[in-house]
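To start, the structure under review is shown below, and the notes come after it.
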Amino acid sequence: MNSNSPPASIDDLCQRARALAGQSIATLAQRQNITVPTDLRQHKGWQGQLIEMSLGASAGSKPLPDFPKLGIELKTIPINQQHKPCETTFVASIPLLTINQETWQTSLVRKKLARVLWVPIEGDRAIPLAQRKIGMPLLWEMDAAFETVLQRDWEELTEMICLGQLEKITARLGTYLHVRPKAANAKSLCWGIGQTGEKILTLPRGFYLRTMFTRELLAQYYA
DNA sequence: GCATGATCATTT
DNA sequence: AAATGATCATGC
């Protein structure tokens, strides 16, 4: 599914990424010999995988960064007509029963967000998918200012999960990071910790980045 | 079920 | 219009 070789270096990756800017989804799909779906309703991950292939990322569901050798995570980010992110960004699933063993320093969230190649893509549903264009990618490293806020969010939300306050957690909590369901449907359940410390069946949850976070991030570099 | 990739659809 | 809560596809 991927005949593209992985980038040999960060410079190599950056060059490849920059070369995508201005290209359309149709163009990239043709190069990979794949068909563009009418829309993303039943193909929600398709666009991300197209970019992975186009940049030589290791495809598949391995729990590794997209570019293992470089330690870089790839994230596409849908942007509106004002070039602002119009969706949240999924970061990681939450191991509800064992996250008490984690700290911010050891957390998957911190690992995944340490270095990210953000690839903006037009996401306006009025634009046919095939015609949407790639924006200028940004190789980003978490800085102290962002980390301070992310850490605080992570610690507050993680504490609530550990204390059995799962049912009190809503997506309204958290400045940059928040917690939302991450499931196939409402019947997909997993075990979590309830109010009195008992195990309860609940929806799987994940950490997501608010649009405000990616909006500020992109604005810093493209302002 | 949980990892990968997210967007959809409804509410606010 | 933006945010929240729900959902879709695929592989192991």
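Computed over heavy atoms, backbone and side chain alike; hydrogens, waters and symmetry mates excluded. Just so it is clear: chains get the letters A, B, ... in the order the sequence lines come, proteins before strands, and each one is counted from 1.
Using cut-offs of 30° and 60° for the angle between ring planes, the Trp118(A) and Phe213(A) rings count as tilted.
For Arg205(A) and dT4(C), the CZ to C1' distance is 13 Å, given to the nearest whole Å. Here the P atom of nucleotide dC8(C) and the CD atom of Gln49(A) are 17 Å apart, to the nearest Å. Summarising the geometry, the separation between CZ on Phe90(A) and P on dT4(C) is reported as 17 Å, rounded to the nearest angstrom. In this entry the distance linking CG of Leu50(A) with C1' of dA9(C) reads 16 Å, nearest Å. Atom-to-atom, CH2 of Trp46(A) to C1' of dA9(C) comes out at 14 Å; the value is rounded to the nearest Å. Residue Asn185(A) contributes atom CG, which lies 7 Å from atom P of dC8(C) at whole-angstrom precision. Residue Leu166(A) contributes atom CG, which lies 14 Å from atom C1' of dG5(C) at whole-angstrom precision. Note: CD (Glu216(A)) to C1' (dA2(C)) measures 16 Å, nearest angstrom.
Residues Lys111(A) and Glu73(A) are not paired through a salt bridge, judged by the lack of any N-O separation under 4.0 Å between the basic side chain and the carboxylate.
Residue Gln42(A) is classed as a sugar-phosphate contact, given heavy-atom separations below 4.0 Å to backbone atoms only. Asn80(A) comes within 4.0 angstrom of no nucleic acid atom, judged by non-hydrogen atoms across all strands. Looking at heavy-atom distances under 4.0 Å, Lys182(A) makes contact with a base. Arg215(A) comes within 4.0 angstrom of sugar-phosphate atoms only, judged by non-hydrogen atoms across all strands, and of no base. Among the protein residues, Gln82(A) comes within range of no part of the nucleic acid, since none of its heavy atoms lies under 4.0 Å from any strand. Here Lys187(A) lies out of heavy-atom contact (under 4.0 Å) with every strand. If you check every strand for non-hydrogen atoms under 4.0 Å, Pro95(A) touches nothing.
Between Gly123(A) and Glu73(A), the one whose closest nucleotide on DNA chain B sits nearer the 5' end is Glu73(A). Along DNA chain C, the nucleotide closest to Arg41(A) and the one closest to Val179(A) are compared, and the more 5′ of them pairs with Val179(A). With the nearest nucleotide of DNA chain C identified for both Thr211(A) and Ala183(A), Thr211(A) has the one nearer the 5' end. Nearest-nucleotide positions on DNA chain B for Gly48(A) and Trp191(A) put Trp191(A) closer to the 5' end.
Of all nucleotides in DNA chain B having an atom under 4.0 Å from a heavy atom of chain A, the first and last in 5' to 3' order are dG1(B) to dA9(B).
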**Stepwise side-chain contact (heavy atoms from CB on, under 4.5 Å) check, Leu70(A) with Asp12(A)** = CA-CA 11 Å; Leu70(A) 305 177; Asp12(A) 186 7; over 6 Å; no

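A heavy-atom distance below 4.5 Å is found between the side chains of Asp66(A) and Glu52(A). The side-chain heavy atoms of Leu55(A) and Leu20(A), taken from C-beta on, include a pair separated by under 4.5 Å.
More than 12 heavy atoms of other residues, nucleotides or ligands shown are found within 6.0 angstrom of CD on Gln23(A). With a 6.0 Å radius and a threshold of 12 heavy atoms from other residues, nucleotides or ligands, Glu216(A) has its CD atom above the threshold.
Of the N and O atoms on the side chains of Glu198(A) and Thr196(A), at least one donor lies less than 3.5 Å from an acceptor on the other residue.
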